[in-house]
Structure formats: structure tokens, C-alpha cells
Amino acid sequence: MTKITYPVNPGGGNLKGIRGQILTYKADPFLNNEEECYDYLPDGLIVIRDGHILDVDNYNDIIGRYPGLVDIDTYTDALVMPGFIDCHVHYVQSPMLGSFGDTLLNWLNQYTFPTESKFRDKAFADEVAKIFFRQLLEQGTTTANVFSTTFAESVDAFFEESERYDTRMITGKVLQDRNLPDSLKDESAEESVILSENLLKKWHHRGRQLYAVIPRFAPTSTPEQLSLAGDLYQRYIDDGVYMHTHLDEAESEIEWVRQLFPQQSNYTEVYKHFGLVGKRSVMAHCCLVEEAEWQILHDCGCGVAHCPSSNLFLGDGEFRYWEAKEQSRPVRFGIGTDVGGGTNFSIPRQLGEAYKVAMMKARSLDAVRSFYLATRGGAETLRLENTIGSIAPGYEADLAVIDLAPTEYASWRMKYTGDIFEKLFVLMTLGLDNMNKATYVAGRKVYDRSRDKKHMYAAEIDG
Ligand code: GUN
Ligand code: ZN
């Protein structure tokens with residue numbers, strides 16, 4: 001038998017290793033044979049260099065290839081996964097999580113708009129961005145598709161904090177020039193879109209940051225603003241710029257859209273009419289989507305963010321994943337917390353709620369599909385599936401380390417489980433806080449539950 005000899009540390013540079021159980025996805029289990037969609041390694045090793053994954057395999061098969069690898073973090077009773085991806089969240093609503101809700105539109109007027117009006121103040125925006133990132137990283141979320149608000153200060157504060165951790169994040173200025181308080185309203189459609197483009201030029205592709213054109217939702221933009229937003233998106237879509245908005249969340253919202261845009265046959269057509277529907281469009285909620293709209297979302301390659309805890313909290317509607325994943329016209333979707341409509345920052349906890357939302361319609365949602373949605377499914381929704389969301393050579397090294405025994409009860413309960421997906425289903429159902437041991441961003445351990453200083457910026461780690 002010929003013995004293969006590997007070069008010692010091929011390519012040079014500092015190597016870092018992470019050893020533990022490993023789970024990663026390579027295809028969509030809603031559309032493919034389940035067993036071909038993931039790899040599970042009971043004792044694996046991830047080799048990282050310069051923020052990227054260089055190699056991954058069974059520990060015993062790979063360790064001999066890297067004799068220069070001495071810096072290895074080893075996790076027992078833990079599962080290393082790609083960092084979670086939150087496809088829809090409002091960082092600016094972090095100060096109002098758990099505000100009493102009745103209907104979506106009342107909740108927006110009573111709590112959301114007054115809270116967001118405060119983000120004209122950069123110091124306040126800085127404080128909220130800091131808390132928001134700490135929460136996300138604590139929960140193992142490494143990428144999010146985020147709403148800021150009207151003010152440039154809210155966008156700058158967010159991206160500045162993201163740069164400190166070197167996270168891959170998406171946000172942009174929110175465009176909103178009617179049907180909301182003057183304190184939050186854009187001064188004019190033209191000025192708002194110029195401001196958005198200036199922020200785009202400042203932040204898009206700066207380090208790992210990505211920009212989105214964000215009309216809040218059709219009712220809070222004039223047709224003129226939607227049209228200018230569509231022009232801006234179309235000019236930059238091939239450079240990786242996103243369009244992010246809300247769609248078909250609640251009955252009252254859809255009725256309002258019908259009154260405001262009577263010429264269009266449905267809500268999705270409104271966005272399409274203004275050039276806002278495309279391959280980097282991400283639509284939050286989509287609870288009450290008509291068949292004609294699913295077809296447009298499929299044809300145009302849009303992504304959808306399913307936000308179950310928010311939909312339950314605001315009593316909106318029930319997302320129907322089996323319609324989204326209809327084999328003849330599948331639509332990409334991932335998971336969003338939608339904080340502050342959502343009631344916590346944890347993606348695994350959203351999975352527990354997504355299961356219940358599906359069960360209300362007698363459809364279950366298992367752990368294989370759920371954790372796909374939390375990782376690679378989110379990356380596909382954001383069209384970043386070649387960059388993040390999987391553990392494979394060339395991918396950015398963003399990882400979550402899930403504690404498989406985070407509490408006394410969970411540890412005991414796990415004795416009565418079988419394979420890794422049974423364990424994950426228990427965890428997403430229990431929805432425990434503190435189930436994430438550590439979070440790596442671009443190969444650096446920016447969060448460690450057991451460290452005195454739990455969160456660390458990239459520069460602090462690099463020394
Ligand atoms: N629709 C328009 N704005 C919002 C918002 O801030 N939250 C939710 N859940 N829906 C919206
Ligand atoms: Zn939202």
C-alpha cells in the first residue's frame with residue numbers, strides 16, 4: 001500500500017484546531033435524500049488558518065497531516081456546528097423586547113416607533129449595538145440580516161461594533177417616509193435614498209460587512225421612495241447588495257397594502273413593480289402568502305425569513321414551510337428571531353417554536369431540517385452558501401459550540417436519547433439559555449462561557 005505523505009502545515013501560517021463532535025450540512029434536506037445532506041463526525045478536527053477552514057475530518061485521519069498543529073481547543077460533550085444565521089432581526093428593538101403586544105400595527109405605533117426614534121443619538125445607538133452583539137454571540141449566532149433604522153448613526157454604530165468582532169453582518173439604513181411619526185420619518189424620498197447610497201459606499205465589502213437597501217414595508221414608503229429604492233438595489237445587486245423588507249406578516253397589514261396599492265394584484269407584486277424583488281431580496285415573515293406570490297418568490301430567487309416566536313407573540317399568521325418547499329417551485333428560507341417582535345435572541349429556541357407552529361397544522365419539523373435551517377439554510381437564504389454556514393475547506397471559520405449537557409436536567413435527559421438529532425431535538429425543545437459554550441468568528445474565540453471575560457473583540461484576542 002502506498003503511504004500518502006502530506007506536507008507539514010501546507011501553505012504555512014498559524015494553524016488552529018478545534019476538536020469535538022462536528023455537524024455540518026452540504027445540501028437541503030427538504031429537497032434531497034436526508035442522509036446525503038449532512039456529515040456528522042463523532043470525533044472530528046477542524047483546522048483553521050487565517051480565519052478560514054483549511055481542513056476537516058475525523059481526528060485520527062487528519063491529525064497526522066498537521067504535525068505543526070499544537071493549538072487545539074478540545075470540547076467534550078459538545079457539538080461544533082457552523083455559527084447560527086439569523087435571517088431577520090431588528091437590533092434597534094433590543095431595548096423593547098417583551099413590550100406588551102396586541103396587533104402588529106398597534107404594537108408598532110405604541111412601542112416600536114418611539115424606541116427607534118431614539119437612534120438619532122449616536123451614543124445610544126452605540127450602547128444598543130454593543131448589547132446586541134453580546135447577545136448574538138452568546139447564543140452562537142455569527143451572521144445576521146439586520147434592520148437598523150432611519151438614521152445614519154444607527155447604521156454606523158452597528159457596523160462599527162461588527163468590525164470590532166470581525167463578524168459577517170448585513171444591515172443598511174431603513175427607508176420610511178410616510179405613515180409613521182415625524183421623529184422617525186425620512187425628510188424626502190430623494191434625500192433618504194442618497195443617504196442610503198452614501199452608507200452603502202462607506203460600508204459594503206468593508207472587511208466582512210455587507211449592505212442592504214431596506215424599505216421597512218410597503219405601507220411606510222411612498223411610491224416614489226419604493227421606486228428610488230428599487231433603482232438603488234438594481235444598480236448594486238450584482239455587487240452583492242441586498243434588499244430586505246417585511247412581507248405578508250398579518251391580515252391587517254395585507255389589507256392596508258391593498259388599500260394603498262389597489263393597482264397591484266397582491267403584496268409581492270407591489271415590491272416587484274418597484275424593482276425590489278430579486279435574487280438578493282429577503283422577505284421577513286411570509287405567513288399569509290398566496291400561491292401566485294410563492295411563484296414570484298421562486299422565479300425571482302428571493303429568500304424568506306421565518307420568524308416563529310415573533311409570529312406567535314404578535315398573533316400574526318402561521319408560516320407554512322411545506323408550501324415554501326413545494327418541490328415544483330421551492331423557495332429558500334431560513335430562520336429569523338425578529339427581535340423585538342421575537343421574544344429572545346436564540347436561533348435554537350426559534351427552532352422549538354417553528355416546530356410548534358408547524359404542528360398547529362399537523363406538520364412536524366424534525367431536528368435534521370431544523371438545524372439545516374439554522375445554518376446552511378440561512379446561508380442559502382442570504383446567498384452566502386459558498387462562504388458561511390458549513391464546515392468545509394475554504395469556508396469562513398464561524399462556529400458555535402453547543403453544550404449537549406447544559407444543565408443537570410438536560411445532562412440526565414440525554415441518557416435517554418439516541419443519535420445526535422435526538423439530542424438536538426431535546427435541546428431545541430427545552431430552549432435553554434446558556435446552551436452555547438463558545439463562539440468562534442473568523443477563527444477567533446470571541447465568546448467563551450467559561451472565561452472571566454466572556455466576550456472579546458478581535459484586537460483583544462490578537463493582542
Ligand atoms: N412590519 C413593519 N415593521 C415591522 C417591525 O418592526 N416588526 C415586525 N414584526 N413587523 C413589521
Ligand atoms: Zn421585522
Side-chain angles (χ1 to χ4, degrees), residues 86-119 128 132 144-151 154 158 170-181 184-186 212 214-221 225-226 229 242-257 260-261 267-268 270-271 276 281-289 303-319 333-345 347 350 353 357 381:
D86 187 338
C87 291
H88 176 69
V89 55
H90 301 247
Y91 100 85
V92 290
Q93 294 175 17
S94 303
M96 53 164 287
L97 202 148
S99 295
F100 181 73
D102 47 9
T103 63
L104 167 65
L105 301 179
N106 286 344
W107 175 83
L108 286 173
N109 282 316
Q110 234 182 312
Y111 300 107
T112 314
F113 296 153
T115 301
E116 292 191 22
S117 299
K118 296 185 193 162
F119 283 77
V128 177
F132 176 80
N145 186 32
V146 178
F147 261 58
S148 297
T149 189
T150 313
F151 316 109
S154 71
F158 181 87
I170 308 168
T171 198
K173 177 195 145 33
V174 175
L175 300 162
Q176 36 194 1
D177 68 343
R178 68 165 165 174
N179 292 325
L180 71 174
L184 198 57
K185 209 184 279 176
D186 286 313
I214 311 183
R216 180 177 209 113
F217 66 157
T220 47
S221 285
Q225 189 178 49
L226 291 174
Y242 294 87
M243 196 293 299
H244 185 187
T245 192
H246 297 88
L247 173 68
D248 286 329
E249 179 178 1
E251 284 292 358
S252 53
E253 169 209 15
I254 296 171
E255 184 48 39
W256 196 14
V257 171
L260 291 170
F261 301 93
Y267 196 164
T268 308
V270 174
Y271 291 134
L276 292 161
S281 302
V282 181
M283 309 294 192
H285 301 295
C286 293
C287 302
L288 303 162
V289 180
V304 164
H306 172 26
C307 308
S309 82
S310 172
N311 298 157
L312 291 168
F313 184 71
L314 293 171
D316 296 329
E318 291 126 23
F319 182 79
F333 81 93
I335 298 292
T337 58
D338 193 32
V339 158
T343 51
N344 61 78
F345 294 88
I347 292 294
Q350 306 306 310
E353 302 298 348
V357 168
T381 301

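Remember, it's 1-based here, ligands and their atoms both numbered in the order they're listed. Only heavy atoms go into these numbers, but all of them, side chains included; no hydrogens, no water, no symmetry mates.
Residue D338 approaches the Zn ion (ligand 2) most closely through its N/O/S atom OD1.
Close contacts between ligand 1 and F217 involve ligand atoms 1 (N), 2 (C) [criterion: under 4.0 Å to a heavy atom]. Ligand 1 places these atoms under 4.0 Å from at least one heavy atom of L104: 8 (C), 9 (N), 10 (N), 11 (C). Residue H90 has at least one heavy-atom neighbour below 4.0 Å for each of these atoms of ligand 1: 5 (C), 6 (O), 7 (N). Close contacts between ligand 1 and H285 involve ligand atoms 9 (N) [criterion: under 4.0 Å to a heavy atom].
Annotation: H246 is in aromatic contact with F147 [ring centroid separation under 6.0 Å].
Polar contact check, D338 against ligand 1: a nitrogen or oxygen pair lies under 3.5 Å apart.
Scanning both residues, S310 and G342, for their nearest heavy atoms gives CB-N, 3.4 Å. The two atoms that bring L276 and S281 nearest to each other are O-OG, 2.8 Å, heavy atoms only. Q93 approaches T112 most closely through the heavy-atom pair NE2-CG2, 3.2 Å. Considering all non-hydrogen atoms of both residues, A229 and L175 come closest at CB-CD1, 3.7 Å.
For the Zn ion (ligand 2), the set of nearby N, O or S atoms under 2.8 Å includes none belonging to C307. The nearest N, O or S atom of H285 is not closer to the Zn ion (ligand 2) than 2.8 Å.
Selection from V339, L314, L108 by nearest heavy atom to atom 5 (C) of ligand 1 gives L108.
Remark: minimum distance from atom 7 (N) of ligand 1 to any protein heavy atom is reached at W107 CZ3, 3.6 Å. Residue, atom and distance of the protein heavy atom nearest to atom 3 (N) of ligand 1 are R216 NE, 2.8 Å. The single protein non-hydrogen atom nearest to atom 10 (N) of ligand 1 is E249 OE1, 2.7 Å, given as residue, atom name and distance.
Side-chain polar atoms of D248 and H285 form no donor-acceptor pair below 3.5 angstrom. Checking H90 against D338 by side-chain atom types alone, a donor-acceptor pair falls below 3.5 Å. Residues T337 and Q350 bring no donor and acceptor atom of their side chains to less than 3.5 Å of each other.
Under the 30°/60° scheme for interplanar angles, the aromatic rings of H306 and F319 are found to lie parallel.
Contacts with ligand 1 closer than 4.0 Å are made by no heavy atom of T220, backbone or side chain. Neither the backbone nor the side chain of E253 has any atom closer than 4.0 Å to an atom of ligand 1 (non-hydrogen atoms only).
The angle H90:NE2 - the Zn ion (ligand 2) - H88:NE2 amounts to 100°, with values rounded to 10 degrees.
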